*Asks:* 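Take this structure first; my questions come after.
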Amino acid sequence: MESAMAAAGLRPLGQSTLSVSPLGLGCWQFSRGKGIVGKYWSNLEDADILEIVRVSLEGGMNWVDTAEVYGGGKSEEALAHVLDQLKREGSPYATPLIATKWWPLFRTATSITSTIEERIRCLGGRDIDLYQIHQPFSLSSIASEMKAMAGLVQAGKIRNIGVSNYSAKQMIEAHRLLRQYGLNLVSNQVKYNLLDRKIDRNGTMEAAKALGISIIAYSPLQQGILTGRFHKDPVQIRAVSRVRRIQSGLDDKSLARSKPVIDSLTVLADKYGATPGQIALNWLIHYNGETVVAIPGASKVRHAQENIGAMDFRLGKNELEHLNEASWSALKS
């Protein structure tokens, strides 16, 4: 018999008590154009952020993912502001699960403890359901970081612990260390999509499955390439920043290599009455069972609408495998 969680379209996040939708809302784009990485996006208006969050949550997402480094807290604050607005409106969707991250660059593990109140303040006093180490580099050891994170759980400041961009070895070590405190490493947030399968090659996916750790896939559409819009209309590439073009593979050679994948996505999109991007997201959240959840962003309401539509159907086993093969063929070419 199908479980109540499965019937509701939810799945466990790692070995935690959290039940999450297969897709959550990535909130990097709410950075207000500020900070180290916030300039990657333009400054969205409050009204646009409100509608993006509203559509995402009403459409079935029950969690959001943000970070300290996204505008130096601006993304967290923007999120808190619109959730306050939804609460004032009496929306039943005003209390999503919240994931955020600590930024480790040039810091020690003591910063994890000393900055937690600022994270909570930026989030409007909300609970932090998942707190993640954003990168595997800092001035402290993984042991020191996990000790500090465990202390936050014990103090009731956060509910669960995750990491981001950790290798298989680092992830396994973090999990081992947390077990000493009676805790589990819940998740590892990494880049993963049909055009970026590094974690399938380097042992990270295998280790995550073995330990019951969820993979949270960021950049699930490879910065828009898997929507097929750049293949359909290459002129759109001109509007993309040079940095983003280099990072995302928006050059002639890369686009030619990925075209067979886009063609396969397009055929399935026609079959399901969906878009190529929705097919790509559907593959991501189903090919590896329930191990992978993803956090597509949305800088426009139509992006949010498209994202939630990816949870309304499920590709067949043969279709999932066909896309897997097309993916590997493109990556090997």
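These numbers come from the heavy atoms of this one structure, side chains and all, not from hydrogens, waters or symmetry mates. Please read all numbers here as calculations on a predicted model, not as lab measurements.
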*Asks:* Can you tell me how far CD of Q180 sits from NE2 of H175, rounded to the nearest 0.5 angstrom?
*Replies:* 11.5 Å
*Asks:* What pair of heavy atoms forms the shortest contact from I308 to S56, and how long is it?
*Replies:* CG2-O, 3.7 Å
*Asks:* Would you find more than 12 non-hydrogen atoms of other residues, nucleotides or ligands less than 6.0 Å from K209 atom NZ?
*Replies:* yes
*Asks:* Could you tell me if the side chain of N193 sits less than 4.5 Å from the side chain of K191, heavy atoms only?
*Replies:* yes
*Asks:* Please say whether the positively charged group of R119, taken as NZ for Lys or CZ for Arg, lies over the ring of W102, i.e. under 6.0 angstrom from the six-membered ring centre and within 45 degrees of the axis.
*Replies:* no
*Asks:* Report yes or no: do T100 and T66 form a side-chain donor-acceptor pair below 3.5 Å?
*Replies:* no
*Asks:* Does one side chain, of Q278 or E306, offer a donor that lies under 3.5 Å from an acceptor on the other?
*Replies:* no
*Asks:* List the atom of S187, the atom of I213, and the distance in Å for their closest heavy-atom pair.
*Replies:* CA-CG2, 3.6 Å
*Asks:* Is there a side-chain contact between I215 and T204 in this structure, where contact means two heavy atoms from C-beta onward sitting under 4.5 Å apart?
*Replies:* yes
*Asks:* Evaluate side chain to side chain contact (heavy atoms under 4.5 Å, CB included) for L18 paired with D129, printing each intermediate quantity in order.
*Replies:* CA-CA 8 Å; L18 299 180; D129 297 289; 4.2 Å; yes
*Asks:* In the structure I gave you, are the side-chain heavy atoms of E325 and E321 within less than 4.5 Å of one another anywhere?
*Replies:* yes
*Asks:* Set out, in order, the CA-CA distance, both residues' side-chain angles and the distance that settles side chain to side chain contact (heavy atoms under 4.5 Å, CB included) for I120 and R126, then state yes or no.
*Replies:* CA-CA 6 Å; I120 294 170; R126 289 172 172 80; over 6 Å; no
*Asks:* Taking atom CD1 of I158 and atom CG of L152, what is their separation to the nearest 0.5 Å?
*Replies:* 4.5 Å
*Asks:* What I want to check is whether the side chains of Q132 and N188 have a donor and an acceptor closer together than 3.5 Å.
*Replies:* no
*Asks:* Counting only N and O atoms by type, is there a donor-acceptor contact under 3.5 Å from the side chain of Q29 to the main-chain atoms of G26?
*Replies:* yes
*Asks:* Looking at P220 and L226, what are the two nearest heavy atoms and their distance?
*Replies:* O-CD1, 3.7 Å
*Asks:* What residues, two or more places apart in sequence or in another chain, satisfy salt bridge (charged side-chain N to carboxylate O under 4.0 Å, His left out) together with D48?
*Replies:* none
*Asks:* Going from CG on L195 to CZ on R257, what distance comes out if it is rounded to the nearest 0.5 angstrom?
*Replies:* 9.0 Å
*Asks:* Quick one: do D200 and K198 satisfy salt bridge (Lys or Arg N to Asp or Glu O under 4.0 Å)? Show the steps, please.
*Replies:* CA-CA 5 Å; D200 286 323; K198 285 191 290 290; over 6 Å; no
*Asks:* Under the rule for side-chain hydrogen bond (donor to acceptor under 3.5 Å, both in side chains), what residues qualify as partners of S214, not counting sequence neighbours?
*Replies:* none
*Asks:* Which label fits Y192 and W283: parallel for a plane angle under 30°, tilted from 30 to 60°, or perpendicular past 60°?
*Replies:* tilted
*Asks:* Roughly how far apart are L79 CG and I49 CD1, rounded to 0.5 Å?
*Replies:* 9.0 Å
*Asks:* Do the non-hydrogen side-chain atoms of I161 and L130 ever get within less than 4.5 Å of each other?
*Replies:* no
*Asks:* Say whether N282 and R314, considering side chains only, have a donor N or O and an acceptor N or O under 3.5 Å apart.
*Replies:* no
*Asks:* Can you give each donor-acceptor pair under 3.5 Å made by side-chain atoms of residues 142-150, sequence neighbours left out, with the distance rounded to 0.1 Å?
*Replies:*
{"residue": "S144", "atom": "OG", "partner": "S141", "partner atom": "OG", "Å": "3.1"}
{"residue": "E145", "atom": "OE1", "partner": "Y166", "partner atom": "OH", "Å": "3.1"}
{"residue": "E145", "atom": "OE2", "partner": "S138", "partner atom": "OG", "Å": "2.6"}

*Asks:* Is there a side-chain contact between R179 and N184 (heavy atoms, below 4.5 Å)?
*Replies:* yes
*Asks:* Between N307 and L23, which heavy-atom pair has the shortest distance, and what is it?
*Replies:* O-CD1, 3.3 Å
*Asks:* For F137, enumerate each residue passing the ring-ring contact (aromatic ring centres under 6.0 Å, His included) test, keeping only those at least two apart in sequence or located in another chain.
*Replies:* none
*Asks:* Give the intermediate values and the outcome of side chain to side chain contact (heavy atoms under 4.5 Å, CB included) for residues L183 and V153.
*Replies:* CA-CA 9 Å; L183 300 170; V153 173; 4.0 Å; yes
*Asks:* Decide side chain to side chain donor-acceptor pair (under 3.5 Å) for N165 and Q170; before the verdict, give the C-alpha distance in whole Å, the side-chain angles of both, and the deciding distance to 0.1 Å.
*Replies:* CA-CA 9 Å; N165 298 302; Q170 292 164 334; over 6 Å; no
*Asks:* Could you give the distance from CH2 (W103) to CD1 (I112), rounded to the nearest 0.5 Å?
*Replies:* 13.5 Å
*Asks:* Show the nearest heavy-atom pair for residues V163 and L185, with the distance to one decimal.
*Replies:* CG1-CD1, 3.8 Å
*Asks:* Looking just at side-chain N and O atoms, do R88 and Q85 make a donor-acceptor pair shorter than 3.5 Å?
*Replies:* yes
*Asks:* Do the side chains of T17 and R159 get nearer than 4.5 Å, heavy atoms only?
*Replies:* yes
*Asks:* Between K101 and Y70, is any side-chain donor less than 3.5 angstrom from a side-chain acceptor?
*Replies:* yes
*Asks:* Looking at CG of L194 and OG of S264, how far apart are the two atoms once the value is rounded to the nearest 0.5 Å?
*Replies:* 9.5 Å
*Asks:* Does the side chain of I199 reach to within under 4.5 Å of the side chain of E206, using non-hydrogen atoms?
*Replies:* no
*Asks:* Identify, with sequence neighbours excluded, every residue that meets salt bridge (charged side-chain N to carboxylate O under 4.0 Å, His left out) alongside D127.
*Replies:* none
*Asks:* Under a 4.5 Å cut-off applied to non-hydrogen side-chain atoms, are L97 and V20 in contact?
*Replies:* yes
*Asks:* Once salt bridge (charged side-chain N to carboxylate O under 4.0 Å, His left out) is applied, do any residues pair with R121, and if so which ones, sequence neighbours excluded?
*Replies:* E77, E118
*Asks:* Could you go step by step and tell me if V53 and L86 meet the side chain to side chain contact (heavy atoms under 4.5 Å, CB included) rule?
*Replies:* CA-CA 9 Å; V53 173; L86 290 176; 4.2 Å; yes
*Asks:* Using the rule that two of Ile, Leu, Val, Met, Phe, Trp, Tyr join whenever any of their side-chain heavy atoms come within less than 4.5 Å, decide whether L331 and I225 are in one cluster.
*Replies:* no
*Asks:* Answer yes if I285 and F313 sit in the same cluster of Ile, Leu, Val, Met, Phe, Trp and Tyr residues linked by side chain heavy atoms under 4.5 Å apart, and no otherwise.
*Replies:* yes
*Asks:* So which heavy atom on A304 is nearest to which on A298, and how close?
*Replies:* N-CB, 3.7 Å
*Asks:* Cut-off 3.5 Å, side chains only: do R197 and S327 have a donor facing an acceptor?
*Replies:* yes
*Asks:* Under 3.5 Å, is there a donor-acceptor pair between the Y287 and N324 side chains?
*Replies:* yes
